[in-house]
Amino acid sequence: KSLESNSNCNPFRRYYPVPDRTYKLFTMSDDIKAAVETQLLKTLDADGAIADTRVFAKVNTFDHKLLAGAVRSLMAYEMITSEEVTINGWALNAEAKLFIADGSAEAQCFNAVPAEGMALDQLKKLLGPVADVGFKQAMVQKWLALEKGEVPMVVRKTDAIVDIVREQLVAIEAGQDVDKKTADTLKKRKLISASSEKYYQLGKGVKFALQKVKLATDLTQEMISKGTWKDTQFKEYNFNALGQPPAGGHVHPLLKVRKEFREIFISMGFEEMPTNNFVESSFWNFDALFQPQQHPARDAHDTFFMTAPQTSNCFPPDYLERVKNTHMNGGYGSIGYNYDWKLAEAQKNLMRTHTTAVSSRMLYKLAQDGFRPAKYFSIDRVFRNEAVDRTHLAEFHQIEGVICDKGLTLSDLIGTLHQFFNKIGITQLRFKPAYNPYTEPSMEIFSYHPLLKKWVELGNSGMFRPEMMEPMGMPADVSVIAWGLSLERPAMILYGIDNIRDLFGHKVNLSIVKANPVCRLQLQQ
C-alpha cells in the first residue's frame with residue numbers, strides 16, 4: 001500500500017534521464033525482474049491465485065510485458081501455473097480520442113453553426129480539416145444543409161442533436177462491446193482499429209516457493225569433492241532441444257538470379273554449355289569468331305593476356321587453316337579482311353572476354369559430330385581490362401543463348417527474344433541495328449524501364465556470319481541466332497543496388513549476402 005501511495009519509492013521502477021529531459025521506464029534489469037518475481041510469489045502465497053495479471057501490474061505500477069517475462073521464467077521452474085487469456089476488441093486512434101473530448105466532427109460542425117446560419121468558407125476557416133468531414137456527415141444525418149447562392153450558406157435543419165458517434169467511442173473506450181455495423185462504420189472512418197490484448201490467470205505450481213532457487217546445470221569437480229551435489233537441485237536436460245542453429249553459408253544474390261535465368265533456359269529446351277575454362281586461346285576467343293587480329297578489342301588495354309602459359313596450340317590444324325584462309329582471302333560469300341594473318345596472334349592465351357568463345361567450341365563440335373538442331377546456353381564469368389566504376393568491373397558474368405537450326409531468320413531471333421524476356425517480366429522491347437564482327441545482321445536490345453522512364457540497353461544479339469559457321473563444317477543452309485546480356489544488371493535492378501561494387505567483388509558487405517531475399521523473377525507461365 002505504501003508503494004501505491006508513493007510511486008517514487010516503488011522498487012519496480014528505475015529511471016534514467018534522456019536528452020529531451022523526459023524519463024523512461026527501465027524494465028529489463030535483473031534486480032527489477034527479481035523484485036517482480038518476489039512480489040508475484042508473495043501475492044500468490046497470500047491470495048492463492050491471480051485472476052488478471054493486468055490488474056496485478058496496474059496495482060503494483062510496473063510494465064505488463066515485464067510481468068509476462070517473469071511468468072514464463074517461473075513457469076519454467078514449475079513454481080506457478082498459467083493460463084493465457086486473449087481479449088479481442090477495438091483500439092481508438094488519435095482522432096477518435098479528440099472526438100471524445102470535443103465531440104465528433106459532425107457535432108462540432110453543428111455546434112459551430114449559429115441559428116441564423118454561417119457562410120461555408122467561414123465554417124471551414126473556423127474548424128479547419130474537421131469541417132470537410134464533419135459537414136458531409138452532418139448533411140448525411142440531416143443536421144445541416146447548404147443553401148446555394150452568391151455566398152453558399154450552411155444552415156441548421158434541426159434544433160438539437162445527439163452525438164451518437166461520440167457515445168459509441170466512449171463505449172469502446174470503456175471496454176463495452178458494439179455491434180458489427182457500428183464497428184464497421186467507425187473502422188471505415190478510420191476512428192478505430194482491431195486490437196487484441198493478452199493477460200494471464202496464475203496459480204501455484206507443484207514446486208511453488210517464495211524464493212526461486214537457481215538450478216545447477218553442470219556437475220562440477222568441486223560439488224563431487226565437497227559432496228554438495230547431494231543437496232543441489234539440477235536443471236533437467238531437454239534431450240529434444242535442437243540446440244543453436246549452425247552458422248551455415250548463404251547464397252550470394254548473383255547466384256540466386258543465375259538460378260532463375262538457368263531455369264528459364266531449361267524450360268525453353270536449352271542445354272547448358274560447359275564453361276569451366278576461364279583461360280582461352282585467342283584463336284577460340286577471336287579468330288574462330290571471324291574477328292580480325294587488328295581489332296581494338298584484341299589490344300592489351302582491353303584484354304588480359306596471360307604470361308604463363310603465354311601460348312597454346314590446342315586447336316585442330318585443318319580448322320585453323322580454314323579460319324586463316326577465310327580471314328586472309330574470304331570465302332562463303334565474303335572477301336575476307338585481306339591481311340597477313342599470323343599464327344602467333346592466334347596462339348596467345350588470355351582471360352576470355354566473352355562466353356561466345358565457349359559457343360564457338362560447342363558449334364565446332366556439333367559440326368564435327370554431325371549436324372542436328374540444338375539450343376545452348378551459358379552463364380559464367382568473363383574478364384575485360386576496363387576501368388572500374390559504379391557500373392563497370394574488370395570481371396562480370398555473361399548470359400548467352402544460342403539456337404542452331406536450318407532456315408532460321410531474323411524474325412526467329414526477334415520472336416525468341418520476346419519469348420525469353422517475357423519470361424522475366426520484360427514485355428516492352430526495341431531493337432537497334434548494330435555491328436559485331438561475328439554476327440550479321442546484329443541488333444542491340446532495349447527495354448523500357450518504368451522507374452527510370454526511359455529505354456535502357458539490355459544486351460546484344462545477331463545471327464552468326466557464314467564466315468564463322470561454314471569453316472567449322474556447318475552446312476550452308478544452317479543458321480545460328482544468338483544473344484547475350486550481363487547477369488549483374490538485372491541483379492542490381494532486382495535488389496535495388498546502384499553500385500556494382502556493392503554486389504560483386506572484395507568490397508561486398510557480407511551482411512547483404514546473409515540478409516538478401518529470395519530472387520523471384522516475374523516468370524510468365
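If you're wondering where the values come from, they're calculated on a predicted model, not measured in any experiment.
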Carefully, step by step, assess Ile192 and Val178 under the rule side-chain contact (heavy atoms from CB on, under 4.5 Å). CA-CA 12 Å; Ile192 63 173; Val178 293; 5.8 Å; no
When rounded to the nearest 0.5 Å, the distance separating CD1 of Ile399 from CZ of Phe377 is 10.0 Å
Rounded at 0.5 Å granularity, tell me how far CG in Asn111 sits from CD in Glu106. 11.0 Å
Determine whether a donor-acceptor pair (N or O, by modelled atom type, separation under 3.5 Å) exists between the side chain of Arg166 and the backbone of Ile100. yes
Looking at Glu272 and Arg258, is there a salt bridge between them, counting it only when a charged N and a carboxylate O are closer than 4.0 Å? yes
With Asp52 via salt bridge (Lys or Arg N to Asp or Glu O under 4.0 Å) - residues at least two apart: Arg54
Worked verdict on Asp380 versus Met273 for side-chain contact (heavy atoms from CB on, under 4.5 Å): CA-CA 10 Å; Asp380 211 337; Met273 295 184 282; over 6 Å; no
Taking atom NZ of Lys212 and atom CD of Glu37, what is their separation to the nearest 0.5 Å? 3.5 Å
Does Lys204 NZ have over 12 foreign heavy atoms under 6.0 Å away? yes
Worked verdict on Phe396 versus Leu487 for side-chain contact (heavy atoms from CB on, under 4.5 Å): CA-CA 8 Å; Phe396 57 95; Leu487 180 65; over 6 Å; no
Note: Leu126 and Ala112 closest approach over all heavy atoms is CD2-CB, 3.9 Å
For Gly103, does its backbone N or O pair with a side-chain atom of Gln108 as donor and acceptor, under 3.5 Å? yes
Is it true that a side-chain atom of Tyr237 and a backbone atom of Thr217 form a donor plus acceptor pair closer than 3.5 Å? yes
Which atom of Phe135 lies closest to which atom of Cys109, heavy atoms considered: N-SG, 3.5 Å
In Å and rounded to the nearest 0.5 Å, what is the CG to CD1 distance from Leu255 to Ile379? 10.5 Å
Between the side chain of Asn60 and the main-chain N/O of Phe56, is any donor-acceptor distance below 3.5 Å? yes
Carboxylate-amine/guanidinium contact Lys180 Asp184, below 4.0 Å: yes
Looking at Glu488 and His397, would you say the former's side chain and the latter's main chain have a donor-acceptor pair under 3.5 Å? yes
State, to 0.1 Å, how close Phe265 and Glu400 come at their nearest heavy-atom pair, and which atoms those are. CZ-O, 4.0 Å
Sub-4.5 Å side-chain heavy-atom contact between Thr275 and Arg352: yes
Strictly distance-based, threshold 3.5 Å: is any side-chain N or O of Arg430 a donor or acceptor partner for the main-chain N or O of Glu444? no
Looking at Glu260 and Lys256, does any basic side-chain N land under 4.0 Å from a carboxylate oxygen? no
For atom CD of Glu236, decide whether the heavy atoms of other residues, nucleotides or ligands shown that lie under 6.0 angstrom number more than 12. no
Are Ile80 and Ile50 side-chain neighbours, meaning at least one heavy-atom pair lies under 4.5 Å? no
More than 12 heavy atoms from other groups under 6.0 Å of CD1 on Ile87: yes
Side-chain contact, heavy-atom cut-off 4.5 Å: Lys207 with Tyr77? no
Please report the shortest heavy-atom distance between Trp483 and Leu413, naming the atom on each side. CE3-CD1, 4.4 Å
Can you tell me how the ring of Tyr200 sits relative to the ring of His64, calling it parallel under 30°, perpendicular over 60° and tilted otherwise? parallel
Whether the side chain of Ser447 engages the backbone of Gln428 through a donor-acceptor N/O pair (distance < 3.5 Å, no angle test) should be reported. yes
Test item: Lys375 side-chain N/O and Met268 main-chain N/O as donor-acceptor pair under 3.5 Å: yes
So do Phe431 and Leu417 actually touch side chain to side chain, heavy atoms under 4.5 Å? yes
Would you say the side-chain atoms of Asp412 pair up with the backbone N or O of Thr409, donor to acceptor, closer than 3.5 Å? yes
Answer whether the closest heavy-atom distance between the side chains of Leu410 and Met443 falls below 4.5 Å. yes
Mind checking whether Thr303 and Asn385 have side chains closer than 4.5 Å, heavy atoms only? no
Do you know which two heavy atoms are closest between Leu40 and Leu74, and how far apart they sit? CD2-CD1, 3.9 Å
When rounded to the nearest 0.5 Å, the distance separating OG of Ser104 from CD of Glu95 is 10.0 Å
Between Lys259 and Val251, is a side-chain contact (heavy atoms from CB on, under 4.5 Å) present by the stated rule, with each step listed? CA-CA 11 Å; Lys259 177 177 177 292; Val251 181; over 6 Å; no
Drop me the distance from Leu210's CG to Asp45's CG, to the nearest 0.5 angstrom. 4.5 Å
Judged by atom type as modelled, is there a donor-acceptor pair below 3.5 Å linking the side chain of Arg384 to the main-chain atoms of Thr353? yes
Exercise: identify the closest heavy-atom pair between Leu458 and Leu485: O-CB, 3.1 Å
